[in-house]
Structures are given as C-alpha cells and as structure tokens.
Amino acid sequence: MLFNEFDLDPRLLKAISKLGFTKPTEIQRKAIPAALSGADLMASAQTGTGKTAAFVLPTLQHLFRRPKNSGLGPRVLVLTPTRELAIQIDKNIRQFNRFSKIVTGLIVGGMAYSPQLKILRNRVDILVATPGRLMDHMERGKVDFSRLEIFILDEADRMLDMGFIDDVKDIAAVMPQNRQTLLFSATLEGSVLNIAKKLLRKPQRISLATNHDRHRSIRQHMHQADSKAHKHKLLAHHLENNQLTKALIFTSTKRGADQLARNLRLKDHKTASLHGDMSQNKRRQTVENLRKGRVEMLVATDVAARGLDIKGISHVINFDLPTVAEDYIHRIGRTGRAGAAGCAISLVGSSDWQKLAQIEKLTGRKINREVIEGLEPTGSEPKVKRRAKARPKTKSGLAQDVKKTKSSKSKRRRGHSSALQKTKQTRVRKAA
Ligand code: ADP
Ligand code: MG
C-alpha cells in the first residue's frame, strides 16, 4: 500500500514524499483511515513504528477539510508527557505542514512564558503541549478550548506513569464533548485502559504487537535469592544446564562484571566481561569471540551491551536486575531471536523487589517464580509497596494541595502556581 491510497491532500502527499517515506507503516495503515473517519481511537504499537505520522496526517487532513470557524483557541491539542517529545512532535508537524499554512504552537515547561502567551492570544490551529505548563496557562485563564475539535494523547502510558492522570482529566474536562479523541500508547493495558474508558467515546481499538507480545518466544522466570552467595549458587546451577550454549549475564556495575567474569573463569567457564571501560573495538572483538564460540558467556553491563549485535544467545541471566525497567526488555530481547526459543532468568535479591515490580508493570506480565531443589529461599516474597504517583487533587485550591506524593515536576509547577497566587495576593494587599 502507498500513501496516495489514503484520502490525503496533495500538499500532504508532497510533504510525505519530501521526507522520503514511501510506504505507510502498519500502525499508519490502520490508524490513518480510522482517524479520518472521525471516530475516537485508541492505538498501541511498539516504539519507533511511526505513531506520530499516524495521528498528524489525519489531523492536518481534517483541518484542510473543515474550514476554520471563528475564534482563536486551538482546534487540535496534542498532549505528550515530556518536553523532548513535544518538541519532536512539533517538528514533525512542521515537516508535514511544509506546503500548507496550518498554525502550530508549542507549550512546554522550562521555557519563557511570554512567547507562549502570545501563541495563546493569537489564532492557533494545533497546540502541542506537556500537561504541566498547559495547566499553568489554563489556571491563569489563558487557554480557550471552546473550539477544540481533536484531542490527541500521545504516549498515554508514560503520561500516566509520570503522574499526570489528574492533569489529563482536568484538561479533558474543559473541552467540548463532541470532540474526537485519539489515544496512542506503547500498551493498552491497566491504567491506560481505564483512562481511555473515561475520555474516549465508542473508540476503535488498534493493538499491534506490544513489548509484551514480542517476547512470547522467551521463557522468563526468576528465583528469589537470599544473598549474593545464594545468587552465585543459583547461577552455577543454571550454567550446568546443557541447553545453555551461549549466555549473556548482566550485572549492574563494571566492577561487578569483571569480578563475576573472573569468578566464572576460575570455575572453568569460558567467560569474558563486556563493559564501558573497554574501547568500542575491544567490545566488538569480545562479541566476536562469543559468536565464534571462543567464549561461551559474557558478563555485561547495560551500557556496553547496547547497540551491539549479539545473536544466538540461548540464555540471558540477570545477576542484578536493571534499575531502569526498559533495560529488562532490551536485555531479554537478546535471546529468542528469529523464532528460536530463548530463556531469561532473573535473580532477585532482597533489594530488587521494587525493580521487579516496575518490570512486571512495564511488560504487563508476572514473571514465573521458580524454586530449585536444595536452593530454596528461606523467607517468603516481600510485599512491594506501590510507589505513590498520582497527585491527590482538590478542585478548589491551588496552594493547599501540595502533598509529598507529588512528582517533582508537578511539585515545581504547583510551586510556581502558588508563588503566582502569593504575588497576586501581595499585589491586592498593596493596592488595598
Ligand atoms: P513512535 O512514535 O511510534 O515511537 P515515530 O513517530 O517517532 O515512532 O517514528 C519513528 C521514526 O520512523 C521517525 O524517524 C519517523 O520519521 C520514521 N517514520 C515514520 N513513518 C515512516 C514511514 N512511513 N516510512 C519511513 N519512515 C517513517
Ligand atoms: Mg511516539
């Protein structure tokens, strides 16, 4: 299928070809017609699959098709969790808008207020914003959503993870009911589904392979470890497995990687370490040694393994769990490639449970708990307290709802708002 098979304006097709896009990606093939139909839509697809164009193209098409009505407020709002994403989306819109004159504006934190106030005072078609700064402007009565036609939530899952749920609800609450809402996310599970139910009306749903599905061919399990010594015993047990032909073992530090590699060599395992203190060349050489079978296992850190093409791994073993949950996905993605079955084993020590909870939340599945006879853990699994994220909300007050559970971002913002309130109060007092 080609882009010109969509019902898109020639100005858009020209911009698309200028960008060098020849064929729409799968999410674009499915989401563009759905969005053009005017229906609400929730869509998930892996990162890097072209979700931005999947909502920008139908949005621009909509703006071309429907003549502008009177008024100044935005006709489209794109809400995204971070400033970097907002800047990127704004840039993408400008690229597709190269041969047309849709007016766009960017409202993000960390930038001066006055140019943003200017954007909001003048006619704007598409506003790209992060929730924090947008709420600031809304609280000061500077945003008019009365003519809003399309509301787009990009990276909805991350938005919720970052604690923006109340802001998203507040922003949606002041929009016209008959708007179109498009929600894009890496997954459509858990809290994303809940917010989608609240904000979308009879949505079409498009779910392409998520991070979760991608790892169907990988057997994932974990062992509870009492101590470092216990971890070593569990590892030794797995390294005796005949099915283990090539293993990638992850540690959290470079020193840890070196130590463990040395330790394994002493036990006659052909092992090398792979970490950031080695030159890129040395790292490539080490991986080559694994490929050729000169070594059987690598003990690596996340940074060192990133970007290296390490294939044919039978086992990925997390001696330490990654601090960033997404690294878990990168790690285990090294095994089970090209249809081959893979095995991912995690050793979970007493300080790793919070990390495990984050990983399970991200992947949307509970990792199998396994016990090896003779190497059972002594205690039972600790209960992990879910980190408080959402900011408790009181509709009335700005200043009083500063609570400890807030994300630092919203804290900063609230700080700003209450500072604003204070200056206003001082001004009133002075005037009186
Ligand atoms: P996502 O939001 O799904 O993570 P992006 O929208 O950021 O993905 O797109 C990822 C990359 O793919 C961008 O560099 C974008 O320019 C490129 N891209 C998007 N659609 C196409 C296409 N149809 N053909 C070629 N490249 C594309
Ligand atoms: Mg994206």
Side-chain angles (χ1 to χ4, degrees), residues 1-36 41-61 76-99 104 106 108 126-131 150-162 164 168 181-189 192 195-196 204-214 306-307 324-327 329-330 333 362-364:
M1 165 174 206
L2 300 171
F3 275 104
N4 60 19
E5 290 171 55
F6 294 124
D7 188 14
L8 293 176
D9 191 279
R11 286 168 288 181
L12 289 178
L13 293 173
K14 209 167 138 190
I16 290 166
S17 89
K18 183 118 187 163
L19 279 173
F21 292 8
T22 49
K23 286 194 298 194
T25 63
E26 189 181 2
I27 187 71
Q28 291 163 0
R29 261 193 334 265
K30 294 190 169 145
I32 292 173
L36 283 174
L41 173 68
M42 52 169 148
S44 68
Q46 283 172 32
T47 311
T49 53
K51 292 193 281 297
T52 319
F55 63 75
V56 170
L57 290 170
T59 297
L60 289 170
Q61 179 66 26
V76 178
L77 172 70
V78 183
L79 208 55
T80 189
T82 69
R83 181 169 132 186
E84 290 69 30
L85 283 164
I87 292 170
Q88 187 60 43
I89 293 168
D90 179 64
K91 193 177 140 206
N92 286 160
I93 296 174
R94 283 167 199 281
Q95 288 170 332
F96 290 118
N97 191 27
R98 186 178 279 154
F99 303 105
T104 65
L106 185 63
V108 295
I126 307 178
L127 206 60
V128 181
T130 48
I150 305 180
F151 175 34
I152 299 163
L153 278 140
D154 189 33
E155 305 245 3
D157 51 339
R158 272 180 77 191
M159 200 107 72
L160 303 187
D161 277 347
M162 288 173 69
F164 285 131
V168 171
T181 307
L182 310 175
L183 179 149
F184 286 80
S185 182
T187 67
L188 288 179
E189 280 157 356
V192 179
I195 190 92
Q204 287 197 33
R205 181 175 174 154
I206 301 172
S207 316
L208 303 187
T210 58
N211 294 337
H212 175 154
D213 301 324
R214 221 179 345 153
R306 203 161 294 154
V324 180
E326 270 180 13
D327 282 337
I329 292 175
H330 295 305
L362 179 72
T363 57

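Atoms within a ligand are numbered from 1 in the order they appear, just like the ligands themselves. Just so it is clear, the model here is predicted, and its values are computed rather than measured.
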Asker: Backbone N or O of T49 within a donor-acceptor pair of the T25 side chain at under 3.5 Å?
Answerer: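 Side chain of T25 to backbone of T49, a donor-acceptor pair under 3.5 Å: yes, one is there.
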
Asker: Measure the shortest side-chain to side-chain distance between M1 and F6 over non-hydrogen atoms and say whether it is less than 4.5 angstrom.
Answerer: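 Answer yes - side chains close enough.
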
Asker: Are any non-hydrogen side-chain atoms of T104 and D90 less than 4.5 angstrom apart?
Answerer: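 The answer is yes; the side chains approach within 4.5 Å.
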
Asker: Can you pull the side-chain hydrogen bond (donor to acceptor under 3.5 Å, both in side chains) pairs that have at least one residue in residues 11-24, sequence neighbours excluded?
Answerer: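 Qualifying pairs, neighbours excluded: D9-R11.
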
Asker: Taking the six-membered ring for Trp, are F184 and F55 parallel (under 30°), tilted (30 to 60°) or perpendicular (over 60°)?
Answerer: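 It falls in the tilted class, 30° to 60°.
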
Asker: Are any side-chain N or O atoms of Q28 and backbone N or O atoms of G50, one a donor and one an acceptor, separated by less than 3.5 Å?
Answerer: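 Yes: the side chain of Q28 pairs with the backbone of G50.
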
Asker: Heavy-atom cut-off of under 4.0 Å around ligand 1: list whichever protein residues fall inside it, by chain and number.
Answerer: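 Ligand 1 is contacted, at a heavy-atom distance under 4.0 Å, by F3, F21, K23, P24, T25, Q28, Q46, T47, G48, T49, G50, K51, T52.
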
